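Letters go in sequence order (proteins before strands), and every chain restarts at 1. Keep in mind that the numbers below use all heavy atoms, side chains included, and drop hydrogens, waters and symmetry copies. Everything quoted here is computed from the prediction, not taken from an experiment.
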Protein chains: 2
Amino acid sequence: MGRVGLTTENVVRAGAELADEVGFEQATPAELARRLGVRTASLYSHVANAHDLKTRIALLALEELADRVSAAIAGRAGRDALTAFANVYRDYALAHPGRFAAARYRLDPATAATGAGVRHARMMRALLRGYDLAEPHRTHAVRLLGSVFAGFVDLESAGGFEHSSPDSAQSWTAILDALDSLLRTWPTTS
Amino acid sequence: MGRVGLTTENVVRAGAELADEVGFEQATPAELARRLGVRTASLYSHVANAHDLKTRIALLALEELADRVSAAIAGRAGRDALTAFANVYRDYALAHPGRFAAARYRLDPATAATGAGVRHARMMRALLRGYDLAEPHRTHAVRLLGSVFAGFVDLESAGGFEHSSPDSAQSWTAILDALDSLLRTWPTTS
DNA sequence: GCATCTGCCTAATTCGTTTAGGCAAATAGC
DNA sequence: GCTATTTGCCTAAACGAATTAGGCAGATGC
């Protein structure tokens with residue numbers, strides 16, 4: 001009956017691990033308490049409620065992801081930076097599916113503004129400095145890349161590419177190739 | 001106390017509408033029963049359980065989406081077909097957010113194989129006939145398009161583009177432009 | 001060594017999911 | 001038009017998750 005030593009930090013980190021194991025949706029206070037060897041009610045001193053727990057896991061994931069992207073693109077430019085950035089997303093999603101799902105959890109605007117979401121946007125723009133894009137094309141490109149990364153990784157981890165050849169890793173590199181070449185010859189007609 | 005006239009069909013359709021109003025995750029049997037003016041338990045004669053309800057809503061959404069895509073791309077090719085296809089996705093997602101979320105619900109492989117998912121894949125390949133892509137590039141392109149459509153629409157409906165200019169509609173057309181030009185000059189290096 | 005703080009507890013409420021079994025309205029056979 | 005059957009919706013009840021209120025005891029500060 002000794003104390004387990006819970007803190008908000010603690011609980012959230014354990015929640016993130018739980019999410020990776022059983023899925024973000026199933027990372028509930030009840031299940032988390034079970035894992036921590038504690039009564040469910042005890043968690044409510046550290047997180048406000050189920051939504052708060054999920055929000056904190058989401059913020060943790062965004063932070064981790066931003067750290068990794070930041071490390072990966074340092075000193076790289078152009079196509080190198082593009083693949084490094086993209087691979088961080090993909091690797092993170094494959095290694096930490098629950099956290100990655102958490103990173104896509106709908107945050108209210110105020111919370112999102114405080115979190116690491118802004119860092120992501122900034123890094124994406126930094127990445128595009130290696131390509132010669134004026135506004136508004138740069139913004140369009142940011143959104144395209146964000147869409148492709150999120151979309152591909154989502155489909156892949158949902159098993160959408162599982163039952164067909166070639167395997168998804170090949171498509172991934174081919175797509176990065178294509179995006180690189182697209183960014184170099186971005187159509188500025190409109 | 002007269003009978004409401006529930007059928008599986010009925011219940012699922014009402015569930016889809018509920019999902020559009022309150023979100024797919026919140027489209028629970030309990031809430032649905034409330035809307036239908038019926039006790040929760042009564043639904044269980046028509047759907048097996050909450051998961052079954054969600055699965056059926058997902059299948060309905062996939063079907064509707066496939067029907068619309070099919071109508072939209074008939075008689076079109078190349079860039080016309082591409083934008084028609086893409087706009088069906090986007091319009092559907094904006095008009096029916098709950099159903100669209102449902103369409104991304106993880107189905108077990110057997111169920112997925114029976115559903116309209118395969119029609120989507122076939123139509124996407126048909127769309128690409130307008131571009132000159134040999135295998136495996138065509139498959140890569142299918143996956144790229146799937147990723148972009150899903151990713152963009154997801155981010156947009158999650159409000160990811162809300163607090164920055166230019167507005168998302170402009171990015172959408174710019175991205176379709178870019179994709180069209182990319183498909184016409186697909187890099188076949190690898 | 002005492003007072004305080006606080007981490008985790010028990011107890012209780014509310015709500016969603018699900019199963020079992022019953023009654024009555026619709027339907028079909030004659 | 002009466003009877004038999006189906007079946008749509010019900011009540012009752014079990015179970016589990018989320019959440020709040022309040023209490024005890026172990027850690028901490030003096």
Side-chain angles (χ1 to χ4, degrees), chain A residues 1-61 98-99 101-102 105-108 111, chain B residues 1-60 97-99 101-102 105-108 111:
Chain A
M1 292 261 176
R3 301 193 175 189
V4 183
L6 296 189
T7 64
T8 300
E9 182 78 16
N10 245 342
V11 167
V12 172
R13 200 161 296 278
E17 276 155 34
L18 175 61
D20 283 337
E21 287 175 44
V22 305
F24 183 56
E25 287 311 318
Q26 279 67 49
T28 69
E31 183 61 26
L32 182 53
R34 227 169 278 134
R35 301 271 182 127
L36 290 169
V38 142
R39 295 314 179 103
T40 308
S42 305
L43 295 183
Y44 286 82
S45 310
H46 305 282
V47 295
N49 50 42
H51 175 253
D52 183 42
L53 173 64
K54 286 188 176 183
T55 298
R56 287 173 190 275
I57 295 176
L59 290 173
L60 172 67
R99 285 156 150 101
Y105 187 60
R106 183 56 139 145
L107 302 175
D108 63 295
T111 313
Chain B
M1 292 265 177
R3 303 195 174 186
V4 183
L6 297 188
T7 63
T8 300
E9 182 78 17
N10 244 342
V11 167
V12 172
R13 199 161 296 279
E17 276 155 34
L18 174 61
D20 283 338
E21 287 175 42
V22 303
F24 183 57
E25 287 310 319
Q26 279 66 48
T28 70
E31 182 61 27
L32 182 54
R34 229 169 276 134
R35 302 271 181 125
L36 290 170
V38 142
R39 294 315 178 101
T40 308
S42 305
L43 296 183
Y44 286 82
S45 311
H46 305 282
V47 295
N49 50 41
H51 175 253
D52 183 42
L53 173 64
K54 287 188 175 181
T55 298
R56 287 175 191 275
I57 295 175
L59 290 172
L60 172 67
R99 285 157 151 100
Y105 187 59
R106 180 64 138 139
L107 302 175
D108 63 293
T111 313

Which nucleotide, [options], lies nearest any side-chain atom of [X]?
{"X": "A50(A)", "options": "dC10(D), dA18(D), dT17(C)", "answer": "dA18(D)"}
{"X": "A41(B)", "options": "dA20(C), dC9(D), dC8(C)", "answer": "dA20(C)"}
{"X": "P29(A)", "options": "dT10(C), dC9(D), dA18(D)", "answer": "dA18(D)"}

[X] has an atom [atom1]; how far is it from atom [atom2] of [N], in whole Å?
{"X": "N10(A)", "N": "dC8(C)", "atom1": "CG", "atom2": "P", "value": "9 Å"}
{"X": "L6(A)", "N": "dG7(C)", "atom1": "CG", "atom2": "P", "value": "9 Å"}
{"X": "D52(A)", "N": "dT20(D)", "atom1": "CG", "atom2": "P", "value": "11 Å"}
{"X": "H51(B)", "N": "dT18(C)", "atom1": "NE2", "atom2": "P", "value": "11 Å"}
{"X": "N49(A)", "N": "dA21(D)", "atom1": "CG", "atom2": "P", "value": "13 Å"}
{"X": "L32(A)", "N": "dT19(D)", "atom1": "CG", "atom2": "P", "value": "13 Å"}
{"X": "Y44(A)", "N": "dG22(D)", "atom1": "OH", "atom2": "C1'", "value": "17 Å"}
{"X": "L43(B)", "N": "dC10(D)", "atom1": "CG", "atom2": "P", "value": "9 Å"}

Might you confirm whether atom CZ of R39(A) has over 12 heavy atoms from other residues, nucleotides or ligands at distances under 6.0 Å?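 Open: at most 12 neighbouring heavy atoms sit under 6.0 Å from CZ of R39(A).
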Atom pair CD (E9(A)) and CZ (R56(A)), whose distance is rounded to the nearest 0.5 Å: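 Answer for the CD-CZ pair, E9(A) versus R56(A), is 10.0 Å.
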Rounded to the nearest 0.5 Å, how far apart are CG of L53(A) and CG of L18(A)? 8.5 Å
Taking only the side-chain nitrogens and oxygens of [X], find out if one of them lies under 4.0 Å from OP1 or OP2 of [N].
{"X": "R34(A)", "N": "dA17(D)", "answer": "yes"}
{"X": "H46(B)", "N": "dC9(D)", "answer": "yes"}
{"X": "T40(A)", "N": "dA18(D)", "answer": "no"}

Shortest non-hydrogen contact between Y44(B) and N49(B), atoms and distance: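 Smallest interatomic distance, heavy atoms only, reads CE2-CA, 3.6 Å.
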Using every non-hydrogen atom in the two residues, find where T8(B) and H46(B) come nearest and quote the distance to one decimal. OG1-O, 2.9 Å
Just to be sure I understand the rule, does T28(B) reach a base, reach only the sugar-phosphate, or reach nothing, if contact means heavy atoms closer than 4.0 Å? sugar-phosphate
